[in-house]
There are 2 protein chains.
Amino acid sequence: MATGTNSLELVVLGLLKEQDMHGYELKKRMTESLGLIMHASWGSLYPALARLEAKGAVKAVEARPAIPNIPMTGSLGGERAVFRLSGEGPRGSRNKKVYGITDIGSALFSAMLNNDSEIDEKGFAIRLAFANHMDSEKRLKMLRDRRDLILERVKSSRRNSEKKRFALEPYVELVLEHFRLNNSSDLAWIEDLIAKEESSIQTPETEIMVSQEVQDNL
Amino acid sequence: MATGTNSLELVVLGLLKEQDMHGYELKKRMTESLGLIMHASWGSLYPALARLEAKGAVKAVEARPAIPNIPMTGSLGGERAVFRLSGEGPRGSRNKKVYGITDIGSALFSAMLNNDSEIDEKGFAIRLAFANHMDSEKRLKMLRDRRDLILERVKSSRRNSEKKRFALEPYVELVLEHFRLNNSSDLAWIEDLIAKEESSIQTPETEIMVSQEVQDNL
DNA sequence: AAACTGTTATATCGGGTTGATATATCGGAG
DNA sequence: CTCCGATATATCAACCCGATATAACAGTTT
């Protein structure tokens, strides 16, 4: 059994929920819109797609109605295109494999998204990025779990720094303090999200509000 | 050839520079004092130690003779125990392998620390944590490179968000904006470090000052 | 038309990391 | 004495990263 949630598979399924794509397009899309959060390499993306296909979570579908691939110069290019299209499997004019998500994939996406055992920074950020597919209860639990974890980590780090028996490398404390500040910033952010979530539960018709007061900063 | 700098090996060497330690102690030390920055697992630490030993960068100071590779299914547990007891035993005499850094190891540490090709968050934080072993020039270059990288990433992310042709998942923008804020915070911090470094270059006798005005925050 | 340069597109490899698990010793509590 | 938790080393499958190979296509230059 796979250990916990595989973030990459989660992202792939999440993106394929929006529209069918092939591997190259998936990577482009990831680095364009999620580049600050995560980053996939070829050596992880294609195996992930293969795994998902083996599970039946995605399947190669017919090429999207793409830009008409009309050869501008006579029939030679056309012949090649026809030859390529004659091969088995749904592929576009080029050697593309366009994947679509299946019902199994949708179920797997939900299962991964709602899997509580995810703890690391990246996994949290990715789950939160797709949090509109979770129900409010799960979202709240995820936020509170994350808050508790960060709180504990910062306290532990501060405790360990204060009882430093040995003189640490001079730069270590500097880096640690900055990390603690970042964690505190994360904490405040998450508290804010929790508060918003709680108030939106009391008034269920309220829309999710993307905070606008975050715009004025360096 | 190993690609670029291996952060784990760098940390191991950096800690062994302070004092001799065995694997368990190294991990304890890491999670205690660097836990916010990085985290090593057994499956990476022991192989790293083995690699370093093979390179001659570290050597066992109080090593027991290695236990032969007897298949675990065999009934030779007793023999192993006896074999282990045959070593000399100053204090405790447990099955510990205490490692110390060699001259080769020190040279490797410097080489890794001054290797410019490191780019990811963790690698930067670790190098900075040991930055007192770098000369001022290298330190400045590292800081400036990092600043430029983050600047470019944030700008790129903002660019991509602004020309969003499709409606993204509603939570994605929320997460991205927070990551951009964190990056801006990192940026300001690094700019500050650069300024301090530059001013300390102009007056070479000045000691490295660990910033004290960072203390009053949430 | 040929030759180039850059983008699109898939795939694989070595080496390293993770999280789990196995094994065994030791110190202290009950 | 026995149980239990901390100490201590090691290995495994699955997975990820960075680099590299291969090739079709597009646009421009020669």
Side-chain angles (χ1 to χ4, degrees), chain A residues 1-9 11 21-28 38-51 53-54 60 63 66-67 69-74 76-77 80-81 83-84 89 91-99 117-120 122-123, chain B residues 1-9 21-28 38-53 60 62-64 66-85 87 89 91-99 117-120 122-123:
Chain A
M1 172 106 64
T3 306
T5 298
N6 182 322
S7 292
L8 181 52
E9 294 183 10
V11 171
M21 274 185 264
H22 52 261
Y24 190 85
E25 215 172 343
L26 271 166
K27 185 168 192 291
K28 220 176 144 194
M38 52 96 63
H39 156 262
S41 60
W42 299 122
S44 60
L45 179 59
Y46 283 111
L49 276 171
R51 284 196 308 272
E53 194 174 19
I67 301 100
N69 216 354
I70 301 167
M72 289 177 284
T73 72
L76 243 177
R80 279 196 268 161
F83 179 73
R84 243 174 278 112
R91 300 206 172 175
S93 59
R94 216 184 261 216
N95 197 19
K96 291 194 243 184
K97 274 197 278 187
V98 178
Y99 290 99
S117 68
E118 187 68 61
I119 45 164
D120 68 335
K122 213 181 73 180
Chain B
M1 172 96 69
T3 307
T5 299
N6 182 323
S7 292
L8 181 52
E9 294 184 11
M21 275 184 264
H22 51 262
Y24 190 87
E25 214 172 343
L26 272 166
K27 184 167 192 290
K28 219 177 142 193
M38 52 93 66
H39 158 262
S41 60
W42 300 122
S44 58
L45 179 59
Y46 283 112
L49 276 170
R51 284 195 309 271
L52 288 172
E53 194 174 21
E62 295 181 43
R64 305 275 160 274
I67 295 141
N69 259 346
I70 300 164
M72 283 178 276
T73 54
S75 57
L76 303 171
E79 288 186 10
R80 287 167 133 202
V82 167
F83 192 56
R84 233 174 283 116
L85 281 172
R91 78 175 182 104
S93 178
R94 209 158 165 153
N95 195 19
K96 294 193 239 180
K97 275 199 276 187
V98 177
Y99 291 98
S117 68
E118 189 67 60
I119 46 164
D120 67 336
K122 214 181 72 179

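Lettering of chains follows the sequences in order, A, B, ..., and the numbering in each one begins at 1.
Residues of residues 40-48 of chain B that place a heavy atom closer than 4.0 Å to DNA chain D, in numerical order, are Trp42(B), Gly43(B), Tyr46(B).
Distance, Met21(A) CE to dA9(C) C1': 15 Å, rounded to whole Å. His22(B) has its NE2 atom 14 Å from the P atom of dC26(C), to the nearest Å. Lys27(B) places its NZ atom 14 Å from the P atom of dT17(C), with the value rounded to the nearest Å. The distance between atom CG of Leu8(B) and atom P of dC17(D), rounded to the nearest whole Å, is 17 Å. Distance Leu26(A) CG to dA11(C) C1': 16 Å, rounded to the nearest Å. Atom CZ in Arg51(A) sits roughly 17 Å away from atom P in dA13(D) (whole-Å rounding).
Here Lys96(A) does not reach the OP1 or OP2 of dT10(C): none of its side-chain N or O atoms lies under 4.0 Å away. At the phosphate of dA10(D), OP1 or OP2 sits under 4.0 Å from a side-chain N or O atom of Lys97(B). Remark: Tyr24(B) is in phosphate contact with dT7(D), judged by side-chain N or O atoms under 4.0 Å from OP1 or OP2. In this structure, Asn6(B) reaches the dT17(C) phosphate: one of its side-chain N or O atoms is under 4.0 Å from OP1 or OP2.
Atom NZ of Lys27(B) is separated from atom CG of Leu49(B) by 13.0 Å, given to the nearest 0.5 angstrom. The distance from atom NZ of Lys28(B) to atom CD of Glu25(B), rounded to the nearest 0.5 Å, is 7.5 Å.
Partners of Glu9(A) by side-chain contact (heavy atoms from CB on, under 4.5 Å), not counting sequence neighbours, listed by chain and number: Asn6(A), Ala48(A), Arg51(A), Leu52(A), Lys55(A), Met112(A). Looking at residues two or more places apart in sequence or on another chain, you find a side-chain contact (heavy atoms from CB on, under 4.5 Å) between Ser44(A) and Leu8(A), Ala40(A), Ser41(A).
In this structure, Tyr24(A) and Trp42(A) approach most closely via the heavy-atom pair CD1-CH2, 3.6 Å. Closest of all the heavy-atom pairs between Val11(A) and Met38(A) is CG2-CE, 4.0 Å.
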